[in-house]
Amino acid sequence: MSTGIVVGATGGIGAACARALADSAERIVLTGRRQDALEQLADELRGEAVAADIATSEGREAVAAATGTGISWLVLASGIPLRRPLAELDEEEIETAFRTNLVGPTLLLRRLLAHPWEEPRALTVIGSISASRSLPRRAVYGATKAGIEHLARSLAAELAPSGIRVNIVAPGVIETPFLGDGTAALDDWVRARVPAGRLGAAEEIARVVRYVTVEAPSYLTGARIVVDGGAEAVA
Ligand SMILES: NC(=O)c1ccc[n+]([C@@H]2O[C@H](COP(=O)([O-])OP(=O)(O)OC[C@H]3O[C@@H](n4cnc5c(N)ncnc54)[C@H](OP(=O)(O)O)[C@@H]3O)[C@@H](O)[C@H]2O)c1
């Protein structure tokens, strides 16, 4: 039975991706940390909720155990923000950011690549424009996102012989809980730096993720599609 997996399905972007892809696998595994939110989404989409912290080995094992065989596609949409100057961060905050955004996902992917994959064999990683730009107060977050983007690009080459496509969708500033109470502070930045003149919506990312994951030609691998209202184009 073909399985689609969304990691970070309780998030703004992850939930939108799950809704956009719900009809694209025989079963859909929804994972994140918040049990209630997961169960609500699983009811809505007739998916399977797996509450798991992928920064821990127990969490990664729980996702792998629920996956079964025959992974059709996986969308990696989990992550935490960190928006303060490096000198103000303590060691634990820095380690948590790398564990959550880079090390945990890397170890989870390693685990899931041991499963058989089946058509359309697609891994889509949600990156960030913070991976490719120098942004103050985002050095650690940007490093974690640059790391996961580079992992994805390298995996595109490594996994091409086995037919698994790996692509990156890199959002700009998207209106989700990820922004926390920083939305007002972002307004000036968005007005000055985003040609579209507004925040993006999670559904706009999900439409691109759906295309890249299940609709794109099999030749599309190793790509990075930036969905940011034009911000990178004018950087
Ligand atoms: N929003 C933006 O402006 C923006 C811009 C560029 C890139 N991104 C990237 O887009 C992705 C999704 O962001 P979002 O805006 O949807 O954020 P969000 O609404 O805060 O969602 C984050 C998701 O990640 C999950 N998560 C966090 N830590 C986890 C862990 N240790 N184990 C398992 N799941 C974990 C959360 O699960 P729980 O809530 O259940 O804990 C939630 O499902 C992230 O990778 C982020 O870096 C976002």
Side-chain angles (χ1 to χ4, degrees), residues 5-20 29-42 47 49-64 66 74-83 93 95-109 124-133 135 138 140-149 151-152 168-183 185-187 189-190 193-194 198-206 208-209 224-229 231-232:
I5 307 169
V6 179
V7 181
T10 45
I13 291 173
C17 291
R19 291 189 178 97
V29 172
L30 304 164
T31 175
R33 290 175 300 186
R34 286 174 297 130
Q35 181 90 43
D36 288 1
L38 273 178
E39 280 173 5
Q40 222 175 323
L41 190 68
V50 181
D53 179 346
I54 64 158
T56 67
S57 54
E58 302 77 45
R60 294 187 291 273
E61 276 312 309
V63 177
L74 187 152
V75 175
L76 182 64
S78 55
I80 54 169
L82 192 52
R83 302 184 191 99
E93 288 174 297
E95 284 179 1
T96 299
F98 276 99
R99 234 184 351 258
T100 306
N101 293 355
L102 181 56
V103 179
T106 302
L107 295 176
L108 178 65
L109 293 178
T124 304
V125 170
I126 306 299
S128 172
I129 56 167
S130 297
S132 47
R133 306 174 65 125
L135 295 169
R138 308 273 198 290
V140 170
Y141 171 72
T144 67
K145 298 305 286 187
I148 198 72
E149 286 200 4
L151 182 89
I168 301 159
V169 175
V173 187
I174 310 301
E175 199 162 7
T176 73
F178 195 83
L179 301 183
D181 53 15
T183 315
L186 279 167
D187 278 352
W189 192 87
V190 167
R193 309 284 287 273
V194 180
R198 63 172 175 85
L199 301 176
E203 292 69 25
E204 294 176 287
I205 304 302
V208 178
V209 168
R224 177 179 192 254
I225 302 184
V226 178
V227 188
D228 68 348
E232 279 210 343

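Note that ligands are numbered from 1 as they come in the structure, with each ligand's atoms numbered from 1 the same way.
Of the possible polar contacts, one joining the T31 side chain to the V50 backbone as a donor-acceptor pair under 3.5 Å is found.
Put simply, CD on E39 and CZ on R34 are 12.5 Å apart, with the number rounded to the nearest 0.5 Å. Between the CD1 atom of I80 and the CZ atom of R99 there is a distance of 9.0 Å, given to the nearest 0.5 Å. Expressed to the nearest 0.5 Å, how far OG of S128 lies from CD1 of I168 amounts to 11.5 Å.
Side-chain contact, R224 with S132: a donor N or O sits under 3.5 Å from an acceptor N or O.
Heavy-atom minimum distance, A62 versus A52: CB-CB, 4.3 Å.
Of the candidates G8, G79, P171, G79 brings a heavy atom nearest to atom 22 (C) of ligand 1.
Atom 7 (C) of ligand 1 has as its closest protein heavy atom G127 O, 3.2 Å. For atom 27 (C) of ligand 1, the closest non-hydrogen atom of the protein is R33 NH2, 3.4 Å. Ranking protein heavy atoms by distance to atom 26 (N) of ligand 1, first place goes to S78 CB, 3.8 Å. Ranking protein heavy atoms by distance to atom 21 (O) of ligand 1, first place goes to G11 CA, 3.1 Å. Closest to atom 47 (O) of ligand 1 among all protein heavy atoms lies Y141 OH, 2.6 Å. Among protein heavy atoms, atom 32 (N) of ligand 1 sits closest to I54 N, 2.9 Å. Of the protein's heavy atoms, T10 OG1, 3.2 Å lies nearest to atom 38 (P) of ligand 1. Looking at atom 31 (N) of ligand 1, its nearest protein heavy atom turns out to be D53 OD1, 2.7 Å.
Checking only distances, G32 never comes within under 3.5 Å of ligand 1, N or O to N or O.
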Should N101 and I148 be marked as a side chain to side chain contact (heavy atoms under 4.5 Å, CB included) after you check the CA-CA gap, both sets of side-chain angles, and the distance that decides it?
CA-CA 7 Å; N101 293 355; I148 198 72; over 6 Å; no

Could you walk me through whether L41 and R19 satisfy the side chain to side chain contact (heavy atoms under 4.5 Å, CB included) test, starting with their C-alpha distance in whole Å, then the side-chain angles of each, then the deciding distance to 0.1 Å, before giving a yes or no?
CA-CA 9 Å; L41 190 68; R19 291 189 178 97; 3.6 Å; yes

L109 and L151: side chain to side chain contact (heavy atoms under 4.5 Å, CB included), yes or no, with the steps?
CA-CA 10 Å; L109 293 178; L151 182 89; 3.9 Å; yes

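Using a 4.0 Å cut-off between heavy atoms, E175 makes no contact with ligand 1 at all.
At least one heavy atom of A77 lies less than 4.0 angstrom from ligand 1. Ligand 1 is never approached by G200 to a heavy-atom distance shorter than 4.0 Å. At a 4.0 Å cut-off, at least one heavy atom of P177 sits close enough to ligand 1 to count as contact. Residue contacts with ligand 1 include A52, since one of its heavy atoms falls under 4.0 Å from the ligand.
Those atoms of ligand 1 that come under 4.0 Å of a heavy atom in V173, given as number and element, are 3 (O). Listed by atom number, the atoms of ligand 1 under 4.0 Å from T100 heavy atoms are 28 (N), 29 (C), 31 (N). Proximity to L179 (heavy-atom distance under 4.0 Å) selects the following atoms of ligand 1: 3 (O).
Each of V125, I13, V209 was checked for a side-chain contact (heavy atoms from CB on, under 4.5 Å) with V75, and the lone residue meeting it is V209.
Other residues, nucleotides and ligands contribute only 12 or fewer heavy atoms inside 6.0 Å of the CD atom of E175.
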